[in-house]
Every structure is written in C-alpha cells, then in structure tokens.
Asks: 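The structure's right below; bear with me while I get my questions together.
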Amino acid sequence: VSGFYTLPLAASFSDAAYPLYLKNGWEKIGRYRRFVAILDWKKTAELTALLYPSVRASLFQRNHVNLLHNNFNDNGITVRWNEPLKRKAWNQGWQAMRSRFGMTADRSWEYLSWRFFKHPFIAYKYAIACDPVGTIVGLLVLRIERARRFRIARIVDIVSRPDADTPLIQSAISFARKYGCVAIDAYLTYDEYHKRFAACGFRDARKHELHMI
C-alpha cells in the first residue's frame, strides 16, 4: 500500500514539542474542527460557571444564541438505534458508502465490532440509517460522557451516504435530548460534514465560546 499512497498519521502534541516533529519530517496539514450544539442553555451555563468561574463564562452565558434549527427528513431515510448490525448487510452498504471518502478507515463489520460493539469499557450507542428499500446507507456512533452532574453526548464516528447525513445528525440530537444531555459535539475533518452539521445547528467551537464546554 505504501508504494501507492502517501499515508497520513495524526498526533497530538504540545507547542514545545511541535518544532521537534517538523525537524523529523512531519508536516502540519490541519487539525480536527470541533462542532458543538447546545441542547439546554440553562444547564450549560451552570456547567461553564462551575468549570470556568470567569468573566468570559459570564459573557458566554449572556450572549448565547439559539443554535438549533428545524430540518426535516423528506427523503425516506429511516434511523434505528442500537439494533444488531448484521455482517452481510453492513459490509454491502459500506462498499457503496466508502467511495465517498478519499481516505478513511475501512469500517468493515469486524472493525466496527472490535472498535465499538464489543468495547470492554464503553457502552457506545449507534444509529443505523436505511433507505426506503432497506439498504444500509449510514452509521453514527456516540457515547454519553459526564462532567460533574451533567451529561454531554459526543459523536465519535459517522459514515453515510449524502442523503443520510441530516437524518443521522437530527436523530443524534433527539437521542441526546432523550438522555438529558446539555450539549452534543463532534470532531470533524471532512468538509461535507462541516456543512451538514452546521445546517443542523452545530457551530465551530473555535469561532464561538463553545470551546469551554
């Protein structure tokens, strides 16, 4: 494989270590963008006040705006949560989805089972999107994290056909609200997902004071 592709690797490092990576041949090409949507502004303000008792947190509370918009699924996509994922049905759906991405992890049924479904410590929740004839056209995985007495949902993976993007994201918002989460976020690199998440009410945390959540 290495003879045909330039394989990217990602690493997190401190500002002090950054020059060392450059000297050893690493190249900085960008970073994940964190997108956040607020589900409960009152509780989110309480959370930020606990973690960041500062003027900036107060400013965040005063200047908040309603980030969530109404989007409607009119393309016949259905989304189901936490149903057993059958190997053959997923692998067939993934073969059609994977061509959308220039380079990504090969999410075979075996990979997903190892990475999420049989994780020994984390109870991941997952949504499966299907088109009107029952073909799998998307998968979204999230986990629910706790900060003090608050819950926050984090989308840790999403792969989908373009028409399944919005239904999956909307369903994740509804799922997080059902479990009493004050916010939901995702780290994204794919430009098309940036657009879809923004259309569903998520905001780039770097451009708003949402990074404090």
Side-chain angles (χ1 to χ4, degrees), residues 32 34-40 43-44 67-98 100-101 104-190 192-193 196-197 199-202 213:
Y32 287 105
R34 183 181 180 222
F35 282 72
V36 182
I38 306 302
L39 307 180
D40 187 320
K43 290 183 179 179
T44 299
L67 297 184
L68 292 179
H69 304 289
N70 290 322
N71 294 277
F72 300 95
N73 173 22
D74 58 1
N75 53 16
I77 301 295
T78 58
V79 178
R80 302 189 302 270
W81 283 88
N82 298 325
E83 290 191 4
L85 189 63
K86 295 181 179 179
R87 182 195 306 256
K88 183 177 180 180
W90 169 256
N91 285 340
Q92 288 178 344
W94 171 238
Q95 290 302 314
M97 280 182 274
R98 63 189 296 183
R100 181 183 185 188
F101 309 99
T104 189
D106 185 14
R107 291 170 180 79
S108 64
W109 186 91
E110 291 78 9
Y111 169 84
L112 294 178
S113 182
W114 164 79
R115 176 69 178 84
F116 299 119
F117 307 148
K118 295 182 179 180
H119 198 287
F121 308 117
I122 301 175
Y124 287 102
K125 312 295 183 182
Y126 60 94
I128 304 168
C130 296
D131 67 11
V133 298
T135 301
I136 295 177
V137 294
L139 173 75
L140 181 146
V141 183
L142 63 75
R143 66 174 180 254
I144 296 176
E145 302 181 352
R146 293 179 180 272
R148 306 289 180 93
R149 65 179 184 274
F150 304 96
R151 293 180 178 181
I152 295 176
R154 166 154 293 167
I155 296 172
V156 295
D157 201 6
I158 178 173
V159 285
S160 50
R161 217 170 61 184
D163 56 342
D165 294 347
T166 297
L168 280 171
I169 298 167
Q170 289 175 322
S171 186
I173 292 171
S174 298
F175 189 87
R177 279 179 162 155
K178 176 182 176 182
Y179 278 81
C181 297
V182 303
I184 180 171
D185 76 350
Y187 282 87
L188 305 170
T189 57
Y190 186 48
E192 286 298 314
Y193 282 146
R196 298 291 193 275
F197 274 78
C200 289
F202 285 72
I213 303 169

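One is the number of the first residue; the rest follow in order along the sequence.
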Asks: Is the shortest side-chain heavy-atom distance between Val182 and Arg151 below 4.5 Å?
Replies: no

Asks: Kindly give the heavy-atom pair with the smallest separation between Val159 and Met97, and that separation in Å.
Replies: O-SD, 3.8 Å

Asks: Is there a side-chain contact between Asn75 and Pro167 in this structure, where contact means two heavy atoms from C-beta onward sitting under 4.5 Å apart?
Replies: yes

Asks: Taking all non-hydrogen atoms of both residues into account, name the closest pair between Arg143 and Glu145 and its distance.
Replies: NE-OE2, 2.6 Å

Asks: Answer yes when Asp157 and Arg107 have at least one side-chain N-carboxylate O distance shorter than 4.0 Å, and no when they do not.
Replies: yes

Asks: Sort out for me which residue in Tyr126, Tyr124, Trp109 forms a ring-ring contact (aromatic ring centres under 6.0 Å, His included) with Phe116.
Replies: Tyr124

Asks: Passes side chain to side chain contact (heavy atoms under 4.5 Å, CB included), Arg161 versus Asp131? Steps please.
Replies: CA-CA 10 Å; Arg161 217 170 61 184; Asp131 67 11; 3.8 Å; yes

Asks: Could you check whether the rings of Tyr193 and Phe197 sit parallel, tilted or perpendicular, using 30° and 60° as the cut-offs?
Replies: perpendicular

Asks: Would you give the length of the straight line joining atom CZ of Arg196 to atom OG1 of Thr166, rounded to the nearest 0.5 angstrom?
Replies: 6.0 Å

Asks: Say whether Ser171 and Trp81, considering side chains only, have a donor N or O and an acceptor N or O under 3.5 Å apart.
Replies: yes

Asks: For residues Phe101 and Tyr190, establish whether the separation of their ring centroids is below 6.0 Å.
Replies: yes

Asks: Out of Arg87, Gln95, Lys88, which residue meets the side chain to side chain contact (heavy atoms under 4.5 Å, CB included) rule with Asn91?
Replies: Arg87

Asks: As an exercise, state the distance from CH2 of Trp114 to OG of Ser108, rounded to the nearest 0.5 Å.
Replies: 10.5 Å

Asks: Mind listing the closest non-hydrogen atom pair of Lys43 and Asp40 along with its distance?
Replies: N-OD1, 3.0 Å

Asks: Between CG of Leu85 and CG of Leu139, what distance do you get to the nearest 0.5 Å?
Replies: 6.5 Å

Asks: Heavy-atom distance under 4.5 Å between the side chains of Ile77 and Val137, does that happen here?
Replies: yes

Asks: Find out whether Glu192 and Arg100 are in side-chain contact, i.e. whether some heavy atom of one side chain is under 4.5 Å from a heavy atom of the other.
Replies: yes

Asks: Looking at every non-hydrogen atom in both residues, tell me the closest pair between Ile38 and Thr44 and how far apart they are.
Replies: CG2-OG1, 3.6 Å

Asks: Could you please spell out the steps behind the side chain to side chain contact (heavy atoms under 4.5 Å, CB included) verdict for Ile184 and Val36?
Replies: CA-CA 6 Å; Ile184 180 171; Val36 182; over 6 Å; no

Asks: State, with a plain yes or no, whether a side-chain heavy atom of Trp90 is found less than 4.5 Å away from one of Leu112.
Replies: yes

Asks: Assess whether side chain to side chain contact (heavy atoms under 4.5 Å, CB included) is satisfied between Ile128 and Val79, documenting all intermediate values.
Replies: CA-CA 6 Å; Ile128 304 168; Val79 178; over 6 Å; no

Asks: Closest approach of Ile155 and Ala172, non-hydrogen atoms and distance?
Replies: CD1-CB, 4.1 Å

Asks: Can you measure from SG (Cys181) to CZ (Arg154) and round to the nearest 0.5 angstrom?
Replies: 12.0 Å

Asks: Between Leu168 and Ser160, what is the shortest heavy-atom contact and its length?
Replies: CD1-CB, 3.8 Å

Asks: I want to check something: taking the side chain as every heavy atom from C-beta on, are Ile144 and Ile152 in contact at a cut-off of under 4.5 Å?
Replies: no

Asks: Nearest 0.5 Å please: distance from the CD1 atom of Ile158 over to the CG atom of Asp165.
Replies: 5.5 Å

Asks: Are any non-hydrogen side-chain atoms of Phe175 and Asn82 less than 4.5 angstrom apart?
Replies: yes

Asks: Answer yes or no: is there a side-chain heavy-atom contact under 4.5 Å between Lys125 and Leu140?
Replies: no

